[in-house]
Amino acid sequence: MINQATLIKSIDDYAKTIQLPTNKATQLFHNALVDTISHTVKLHADDQVFVATGDIPAMWLRDSTFQVLPYLEMCQAVPEVKSLIHGVINQQLAYVQHDPYANAFNETASGAHYTIDKSDVPISDLVWERKFEIDSLCAPIHLAAQLYQKGHYTAHLNDNFWDTVQLIVKTFIQEQHHETSTYYFNRSDCPPTDTLSHDGRGAPVGYTGMVWSGFRPSDDACQYGYHVPGNMYITVVLEDLLTIMAAEKIQLPDLKAAIQQLKIDIEKGIADYAIVIPEDSDTPIYAYEVDGLGNFNLMDDANVPSLLSAPFIGFCKPDNPLYQQTRRFILSDQNRYYYQGQFIRGIGSPHTPPHYVWPISLAMEGLTTNNLPTVIERLDLISATDNGTLQCHEGINVDNPAEYTREWFSWANMTYCQLAFHYLQLK
């Protein structure tokens with residue numbers, strides 16, 4: 001069992017040894033690194049670790065992965081973080097087994113939900129919200145693979161892990177054929193982005209080999225059902241699973257075959273449907289969403305996985321030509337969610353007001369390049385947006401950093417810490 005007080009002190013002591021380019025950047029890093037372990041993490045006696053997202057008392061599968069992922073960068077100096085992350089994975093696996101279609105969960109079966117739903121969506125007392133987002137099922141596998149690779153740790157790769165992988169793969173295969181799925185999400189008296197069209201089934205799609213997703217990593221409804229960054233993420237975690245299975249001699253031939261075929265299907269779907277040429281251009285780029293019926297959505301959103309984050313999640317190298325072409329598009333006013341103002345410029349989200357840029361996307365600009373001056377510039381810019389709170393926020397007004405959404409957003413804090421570790425590695 002982890003001693004949380006001891007772990008907090010160890011992380012605090014470690015953070016004090018780190019110096020970033022400015023004192024403000026250093027202070028923000030220190031506060032963010034200690035804040036997550038001190039105020040969002042709850043250790044349970046059953047070796048499970050609950051991680052609240054911050055100002056919402058629920059645990060998102062995706063958010064919690066990126067909230068604790070930076071701690072692996074210090075696992076040699078503070079080995080106890082391996083047990084912490086193992087506990088987070090245990091909690092995530094339990095949640096996936098409970099409901100593989102849910103995106104966020106309560107600490108206990110309290111019956112608390114995102115809102116008093118005016119809907120007929122089936123939801124258990126343990127589930128905070130039941131939005132199907134394919135990145136939610138990728139995130140626990142990603143965290144487990146990173147613990148294995150960076151921590152040289154295998155205790156989490158037990159029967160329970162592989163049983164949950166079986167369930168995740170089964171769910172992905174089902175949602176390659178969404179027309180036969182029983183999943184729907186139908187919420188009334190809400191913005192269109194907070195529910196699915198067509199009686200909760202989402203807009204029609206054709207078969208592509210990719211996996212259908214009801215919602216984006218922002219928790220907003222997909223315009224078209226195949227979320228391309230999410231499918232990129234699936235291919236990465238499937239490759240991680242195959243690597244682990246080979247290295248650890250995991251004898252699950254049926255699962256291995258299913259993973260291999262699913263990976264082939266999705267990669268072909270991305271190649272055949274997700275690479276498009278914008279109007280007034282002869283340069284191909286990745287679409288953000290497609291439907292397999294000829295429609296595509298050209299944009300990017302600040303939430304990860306995003307097109308911008310493709311090298312960070314492991315889908316491609318930063319210098320990949322197609323990625324670079326896509327990057328130029330999404331980091332320009334051709335992306336309708338790219339905003340420029342007097343103070344900052346970068347990618348925001350339809351999830352927040354227009355002209356609000358997210359520190360997560362600013363950090364991701366730095367995390368997807370090895371150009372040290374760019375990384376330093378993003379560290380300094382983000383640290384100047386906290387409005388004196390020593391917290392990263394969700395979205396920030398491009399003309400006034402005193403106007404922002406979410407006072408406390410741990411995912412943003414820890415993505416900033418991830419950028420700081422990237423700076424230290426480059427330096």
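Computed from heavy atoms alone, side chains included, the values below leave out hydrogens, waters and symmetry copies.
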Tell me if a side-chain donor or acceptor on [X] pairs with a main-chain N or O of [Y] at a distance below 3.5 Å.
X: S64; Y: L61; value: yes
X: Y226; Y: V205; value: no
X: E365; Y: I347; value: no
X: Y288; Y: P229; value: no
X: Y184; Y: G202; value: no
X: N106; Y: S110; value: no
X: N297; Y: E289; value: no
X: T154; Y: L157; value: no
X: T368; Y: M364; value: yes
X: H351; Y: S218; value: yes

Problem set entry | Ring centres under 6.0 angstrom apart (F29, F421) |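 When the ring centroids of F29 and F421 are compared, they turn out to be within the sub-6.0 Å range.
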- Query: Are H227 and F215 close enough that their ring centers fall under 6.0 Å?
  - Reply: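 No.
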Exercise for review: Check the pair M245 / I259 against side-chain contact (heavy atoms from CB on, under 4.5 Å), numbers first and verdict last.
Suggested key: CA-CA 11 Å; M245 294 178 90; I259 290 171; 4.0 Å; yes
I'd like to check [X] versus [Y] (side-chain heavy atoms, cut-off strictly below 4.5 Å). Are they in contact?
X: I382; Y: L419; answer: yes
X: N387; Y: E403; answer: no
X: R187; Y: L196; answer: no
X: F172; Y: I266; answer: no
X: L84; Y: I37; answer: yes

Under 6.0 Å from the CG atom of D46, do we count more than 12 heavy atoms belonging to anything else shown?
->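 Yes, enclosed.
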Original post:
Is the count of non-hydrogen atoms from other residues, nucleotides or ligands lying under 6.0 Å from R345 atom CZ greater than 12?
Top reply: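 Counting neighbours around CZ of R345, 12 or fewer heavy atoms of other residues, nucleotides or ligands fall under 6.0 Å, so no.
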- [ ] Please report the C-alpha distance between S410 and M414 in whole Å, then the side-chain angles of each, then the deciding distance to 0.1 Å, and finally whether the side-chain contact (heavy atoms from CB on, under 4.5 Å) criterion is met.
- [x] CA-CA 6 Å; S410 180; M414 294 305 285; 4.2 Å; yes
Check against side-chain contact (heavy atoms from CB on, under 4.5 Å), S349 and Y337: CA-CA 6 Å; S349 172; Y337 299 109; over 6 Å; no
Checking [Y] against [X]: is there a side-chain donor and acceptor pair closer than 3.5 Å?
X: D35; Y: N31; answer: no
X: D291; Y: Q223; answer: no
X: T53; Y: D63; answer: yes
X: T36; Y: Q67; answer: no
X: Y183; Y: E175; answer: no
X: S181; Y: R201; answer: no
X: D219; Y: W60; answer: yes

**From CA spacing to verdict: side-chain hydrogen bond (donor to acceptor under 3.5 Å, both in side chains), N413, Q391** = CA-CA 6 Å; N413 280 342; Q391 294 281 342; 2.6 Å; yes
Q: For Q92 and T65, run side-chain hydrogen bond (donor to acceptor under 3.5 Å, both in side chains): C-alpha distance rounded to whole Å, both residues' side-chain angles, the deciding distance at 0.1 Å, then the answer.
A: CA-CA 9 Å; Q92 292 174 329; T65 284; 3.0 Å; yes
Name all residues meeting the side-chain contact (heavy atoms from CB on, under 4.5 Å) criterion together with Y273; count only those two or more places apart in sequence or in a different chain, and write none if there are none.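 Counting only residues at least two positions away or on another chain, Y273 forms a side-chain contact (heavy atoms from CB on, under 4.5 Å) with T208, M210, V290.
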Nearest-0.5 Å distance, [atom1] of residue [X] to [atom2] of residue [Y]:
X: I173; Y: I168; atom1: CD1; atom2: CD1; answer: 12.0 Å
X: H86; Y: N158; atom1: NE2; atom2: CG; answer: 5.5 Å
X: I8; Y: I2; atom1: CD1; atom2: CD1; answer: 11.0 Å
X: L307; Y: I330; atom1: CG; atom2: CD1; answer: 5.5 Å
X: Q176; Y: T171; atom1: CD; atom2: OG1; answer: 11.5 Å
X: E267; Y: I234; atom1: CD; atom2: CD1; answer: 11.5 Å

Nearest heavy-atom pair of [X] and [Y]: which atoms, and what distance?
X: V78; Y: L7; answer: CG1-CD1, 3.9 Å
X: T235; Y: I270; answer: CG2-CD1, 4.4 Å
X: T389; Y: E407; answer: CG2-OE2, 3.3 Å
X: C138; Y: G230; answer: SG-O, 4.3 Å

Stepwise, does the salt bridge (Lys or Arg N to Asp or Glu O under 4.0 Å) test hold for E133 with K131?
CA-CA 6 Å; E133 304 165 5; K131 288 180 173 177; 5.8 Å; no
[Y] and [X] aromatic ring geometry - parallel, tilted or perpendicular at 30°/60° bounds:
X: W411; Y: F66; answer: parallel
X: F50; Y: H44; answer: parallel
X: H39; Y: W408; answer: perpendicular

Is there a salt bridge (Lys or Arg N to Asp or Glu O under 4.0 Å) between D135 and R216? Walk through the geometry before answering. CA-CA 8 Å; D135 59 283; R216 301 167 179 170; over 6 Å; no
Criterion side-chain contact (heavy atoms from CB on, under 4.5 Å) against I18, the qualifying member of T26, L33, L424: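 Exactly one pass, corresponding to L424.
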State which residue, out of Y233, Y286, Y323, fulfils the side-chain contact (heavy atoms from CB on, under 4.5 Å) condition with F315.
->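 So, applying the side-chain contact (heavy atoms from CB on, under 4.5 Å) to F315 and each of Y233, Y286, Y323, only Y286 qualifies.
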- [ ] Please report the C-alpha distance between H156 and Y148 in whole Å, then the side-chain angles of each, then the deciding distance to 0.1 Å, and finally whether the side-chain contact (heavy atoms from CB on, under 4.5 Å) criterion is met.
- [x] CA-CA 9 Å; H156 61 306; Y148 174 76; 4.2 Å; yes
Task: Worked verdict on Q418 versus Y423 for side-chain hydrogen bond (donor to acceptor under 3.5 Å, both in side chains) - done: CA-CA 9 Å; Q418 195 83 58; Y423 160 78; over 6 Å; no
Kindly state each residue pair satisfying ring pair (Phe, Tyr, Trp, His ring centres under 6.0 Å) with at least one member in residues 381-402, sequence neighbours excluded.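 As it turns out, the ring pair (Phe, Tyr, Trp, His ring centres under 6.0 Å) pairs with a partner in residues 381-402, which skip direct neighbours, are H393-Y404.
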For E73, is there an ion pair with K150 - N to carboxylate O distance below 4.0 angstrom?
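The answer is yes: the pair qualifies as a salt bridge.
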**Prompt:** So which of R130, H113, H98 actually passes side-chain hydrogen bond (donor to acceptor under 3.5 Å, both in side chains) with S124?
**Reply:**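 Only one of R130, H113, H98 forms a side-chain hydrogen bond (donor to acceptor under 3.5 Å, both in side chains) with S124, namely H98.
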